[in-house]
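Attaching a single structure in structure tokens format; questions to follow.
Bear in mind the structure is a predicted one, so any value in this text is a computation, not a measurement.
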Amino acid sequence: MRKSVNRVWRRVMANKLISEMGLPKSIANIFAARNIHTAKDALSLTEFELMELLDVGLAEVTTAVSSISEISCPPYQTRMHNEHLAGHLPTRLKGLDAALCGGIPFGVITELVGPAGIGKTQFCLKLSLLASLPSSHGGLDGHVVYVDTESKFSSRRMIEIGVNSFPEIFQIEGMAQQMAGRILVLQPTTPTEFSECLQKIKDSLLQHHVKLLVIDSMAALVSGRDGQGQCRQHPLGWHMTFIKSLAEFSRIPVVVTNQVRSHSGDDPFHYSFQDSRQNLDFPTTFDSHLVAALGIPWAHAVSIRLVLESKSGQRFIKVAKSSMSPPVAFTFAISASGISLLHDDGIEMTGPEINAICGQVLKHFNVASSINDAHNIKYFRDFEVTVVYSIKNWSFRVVCG
């Protein structure tokens, strides 16, 4: 998998346009006039060949080649660097951040999996706010790209979370509008649009100060029905590899939500990453329960898997997969300020129970409960996010919803 990821990213970076690299216009125009358009075109020639072709001095050529090389050849990273040394996006959930050694790690895919209505989108909205917060208030002070495949993104809910979680920030004049301008929502409706969307995201990550990529949800686009109404699943391999490469080489947290499906005892249910956690006293199958969609290849592509489930009238978030964290579960609730842990001390779990997913019906939190009062309407009017409806034309329209 890692070799294929590297091959994909090498092709991506080799085809990076020189015109998008921020070189001085004078030298960029000379490259274009000589039909040298990509990093591969420039780096395939020696400096002396470029001097002769571009008719410029050695100093200018050396500076240009150095800039092109730096942009198109990211520094080598080990897995440990990606998951630990590269940094984290704190979730502000104390116990979970401690278990994850700081929060959502940079450079890898973190998956949120659970049944509908359990709180996956609520988690993503909160993370988007945290990534866009000024660094002086503990945020990443960056832009967020939010791929909303199920039209669940809600500006109303996001501003409610913000006002209740960070009132001191949202009281600052213009801060709500500034933060909203940092969140770009893409809404692809087909697998083809999703593929085009990923290509556009790749350019955005390199050109802009993007600090978080959210895909909510992955399963919604790759699963569907054919003309006869039969369930079918679109190929996932390219998307999986490309998203993993985006995470590794852009060194930002990538959060992807996944749906669940029914599972019977006749189906295989085993991932190799469970081996170190399996307790042989437990059976390796369950008679009937829910499991993550998208299958085993996708399960191995993600580095962190957080399972959100409901059981015995409570919601749980479980660290089901992590190379640096123990298998632990936390009870949580959803309120006006978003997701919060009921206890910071987690419950250690062993055996296949850590990967099992329960989906009991729980009472839904009324997300409109406080957004209608006069105090919050003021902030909501300022909080408008850019939503892209036409991926092909990259058309922009500012909406609230």
Side-chain angles (χ1 to χ4, degrees), residues 1-89 105-109 131 134-135 140-145 182 184 195-213 238 241-254 394:
M1 170 63 73
R2 184 167 296 275
K3 289 182 179 179
S4 64
V5 168
N6 289 337
R7 284 196 297 269
V8 169
W9 194 255
R10 280 197 296 270
R11 288 196 297 269
V12 169
M13 300 309 292
N15 293 321
K16 174 69 176 172
L17 295 176
I18 293 176
S19 60
E20 298 176 352
M21 293 187 179
L23 297 181
K25 275 193 173 182
S26 57
I27 191 69
N29 290 338
I30 295 176
F31 274 105
R34 301 298 189 273
N35 291 322
I36 302 177
H37 300 292
T38 67
K40 182 179 180 180
D41 295 338
L43 299 179
S44 296
L45 300 172
T46 67
E47 291 180 343
F48 292 104
E49 288 173 332
L50 286 172
M51 286 175 58
E52 182 177 354
L53 185 60
L54 302 178
D55 193 23
V56 297
L58 178 60
E60 292 176 276
V61 168
T62 301
T63 300
V65 169
S66 177
S67 297
I68 294 171
S69 298
E70 183 178 355
I71 293 172
S72 60
C73 303
Y76 174 77
Q77 300 171 24
T78 65
R79 185 180 185 89
M80 179 64 73
H81 182 276
N82 279 335
E83 293 189 20
H84 182 62
L85 300 180
H88 298 79
L89 168 59
F106 293 0
V108 298
I109 300 175
S135 55
L140 297 183
D141 199 21
H143 287 79
V144 176
V145 176
R182 296 176 175 179
L184 174 65
S195 300
E196 296 172 356
C197 177
L198 290 177
Q199 294 284 359
K200 293 289 186 179
I201 289 173
K202 176 259 298 183
D203 294 332
S204 296
L205 296 181
L206 295 172
Q207 296 178 39
H208 304 291
H209 194 57
V210 176
K211 291 296 186 177
L212 173 66
L213 170 61
W238 181 87
T241 301
F242 196 90
I243 294 170
K244 190 174 177 68
S245 71
L246 287 178
E248 290 188 352
F249 291 93
S250 63
R251 300 185 295 281
I252 64 171
V254 174
W394 212 233

Heavy-atom pair with the smallest gap, counting every atom of Q199 and F242: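 That would be OE1-CZ, 4.1 Å.
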Distance in Å, L17 CG paired with H37 NE2, rounded so as to fall on 0.5 Å steps: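 Those atoms lie 9.0 Å apart.
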F48 and V61, any side-chain heavy atoms less than 4.5 Å apart: no
Gap between atom OG of S135 and atom NZ of K211 - 0.5 Å precision: 9.5 Å
L58 and E47: CA distance, side-chain angles, deciding distance, side-chain contact (heavy atoms from CB on, under 4.5 Å) verdict: CA-CA 7 Å; L58 178 60; E47 291 180 343; 3.9 Å; yes
Matching residue for F31 among I18, D41, L53 - test: side-chain contact (heavy atoms from CB on, under 4.5 Å):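 Of the listed options, the one satisfying the test is I18.
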Gap separating the CG atom of L213 from the NE2 atom of H143, nearest 0.5 angstrom: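 Between atom CG of L213 and atom NE2 of H143 there are 14.5 Å.
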Steps toward side-chain contact (heavy atoms from CB on, under 4.5 Å) verdict (V210, L184): CA-CA 10 Å; V210 176; L184 174 65; over 6 Å; no
Stepwise side-chain contact (heavy atoms from CB on, under 4.5 Å) check, T63 with L23: CA-CA 10 Å; T63 300; L23 297 181; over 6 Å; no
Side-chain (E49) to main-chain (T46) donor-acceptor, under 3.5 angstrom: yes
L89 vs L140, side-chain contact (heavy atoms from CB on, under 4.5 Å): CA-CA, chis, key distance, verdict: CA-CA 7 Å; L89 168 59; L140 297 183; 3.7 Å; yes
Heavy-atom donor-acceptor pair, S66 side chain to T62 backbone, under 3.5 Å: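 Not confirmed, S66 side chain does not pair with T62 backbone.
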Within 6.0 Å of CD in E52, more than 12 heavy atoms from elsewhere: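 It does not: E52 CD has 12 such atoms or fewer within range.
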Electrostatic pair D55-R34, nearest N-O below 4.0 angstrom: no
